[in-house]
There are 2 protein chains.
Amino acid sequence: MADRDHLWLRLAVDLVILTVRDGQLKLLVIERANDPYQGQLALPGGFLRAGEDLREAAERELLEETGLDGRDLHLEQLATYGAPDRDPRGPVVSVTYLAIAPDLPIPTAGSDASRAWWAPVKEVRHGLAFDHDQIARDAVERARTRLEFTTLATVFCGPTFTVGDLRHVYEVVWDATLDPRNFSRKVAQTPGFVEPTGARRIPPTGRPAALYRRGTAETLHPPILRPSSGTDG
Amino acid sequence: MADRDHLWLRLAVDLVILTVRDGQLKLLVIERANDPYQGQLALPGGFLRAGEDLREAAERELLEETGLDGRDLHLEQLATYGAPDRDPRGPVVSVTYLAIAPDLPIPTAGSDASRAWWAPVKEVRHGLAFDHDQIARDAVERARTRLEFTTLATVFCGPTFTVGDLRHVYEVVWDATLDPRNFSRKVAQTPGFVEPTGARRIPPTGRPAALYRRGTAETLHPPILRPSSGTDG
DNA sequence: ACAAAAGTGTTCAATTTACACCCATGG
DNA sequence: CCATGGGTGTAAATTGAACACTTTTGT
């Protein structure tokens, strides 16, 4: 326990930013501008600076890489990854955050990224730099669970949305199909999930749908469980 | 993003070690031997060393402070705390782990602790050093949720236990009373939760109870929900 | 016989699921 | 009037909570 046993290191804050776009679950990836892993795909992120809280750093990186304001969207801490050899530059421990955004314009590249874009989650299961494949997998699984127990799905939608939009989020994130009729009722019967705006949206074809905004509830009582999650053990 | 913006810091790994003892949920606390907060209560923990993974560091601290082998009990990462002023020594970010142990002999004090003992969770809600009050609260809440959805409760028990022992764990951790008859069925009907050993335990008074060991399942299908968790939003 | 804890059976209510059916709009 | 998506009604199946009752031991 002498002072020389303490390892001094840098702390990376890395972001898994998810959205639903073109009917797919997508993930913000960057092409690394600098070594290590120059030219390879990676998650956006950067180092913690002096005087910063972890969440502050995550919000700063989010703004730098995407132009998004972290106060407007969902941002939650995921897990911390600290394998000794995870970064060839030396000891770097990564605290990861999950961010959820509605369908956005294609983000602008930041200073550490030569390019940044939305990549379908299914197509980036391998090939990310560092241990970012593992981080991305863990983040997607966390998002899937969050839809079951929290109102997170509304964050994928814009300020107003229909129940069909919300169902679409569930179907894309879970990669499952849901009964529109029963889903509609579950949403309506869960207090605080959505609030009617009074307005309606007229689709290209079909009956107009009521528009809602996010409710005040954070957790769902009762939860909306995945079709598979509960049958087999 | 120049190199001078990177903050070099030390990483603490702090442990919330829970057990059920004397019919109470208890937490391992130490009395700090050194500054800062010398003489105050705190969670056991220490600094990450070179070449160590985070979990390795958690297991090492666990062994140093309690003599417990981390491979034998439940050890899971909780969250990471990084408020800039959380440690007066300078920039120290803390990765926290939740450990669950069966009822153990009183642990031995480690090098950084003048004393170590089990303290009832209800009595240490305030007064821990650093931000450890918050960490302990978050950890207990996590443990309560884990009992709902995972087989974690079996880890509070020894190698063999009765359904009554298991129910006792739920009742103490949740601070609730459960119907013994319905609980018994839920446990038996959840595949992989417990396995019969064939042996029985004769209580001081009453019918002998069948002894079980941990099953292979990690998650509970269906979950065993807290009495309060589902009524009001 | 009695107390105490373990465990089973049964009933009623709440929830979930599946699907028939109606609504409202554009072409 | 037809296609399309939005939404309600309803009956069967499943699950959950409450509790009467039986079992098995020590004293």
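Naming: A, B, ... by sequence-line order, numbering from 1 per chain.
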Non-neighbouring partners of [X] that pass side-chain contact (heavy atoms from CB on, under 4.5 Å), sequence neighbours left out:
{"X": "B:E56", "answer": "B:E52, B:D53"}
{"X": "A:R207", "answer": "none"}
{"X": "B:K186", "answer": "B:I224"}
{"X": "B:T150", "answer": "B:R146, B:L152"}

Should B:P44 and B:D14 count as side-chain neighbours, where that means a heavy-atom distance under 4.5 Å? no

Salt bridge (Lys or Arg N to Asp or Glu O under 4.0 Å) partners of A:R144, counting only residues at least two apart: none

A:R200: side-chain hydrogen bond (donor to acceptor under 3.5 Å, both in side chains) partners, not counting sequence neighbours: none

Please list residues of residues 167-185 of chain B whose heavy atoms come under 4.0 Å from any atom in DNA chain D, ordered by number; otherwise none. B:D179, B:R181, B:N182, B:R185

What are the bounds, 5' to 3', of the part of DNA chain D that sits under 4.0 Å from heavy atoms of chain B? D:dA17 to D:dG26

Partner set under ring pair (Phe, Tyr, Trp, His ring centres under 6.0 Å) for [X], not counting sequence neighbours:
{"X": "B:F183", "answer": "B:Y170"}
{"X": "A:Y81", "answer": "none"}
{"X": "B:F161", "answer": "none"}

Length of the line joining B:L166:CG and C:dA5:C1', which is rounded to integer Å: 16 Å

May I have the distance from A:K186 (atom NZ) to C:dA14 (atom P), rounded to whole angstrom? 18 Å

Kindly state which residues belonging to residues 195-214 of chain B come within less than 4.0 angstrom of DNA chain C, counting heavy atoms of the residue only, listed by number. B:T205, B:G206, B:R207, B:P208, B:A209, B:A210

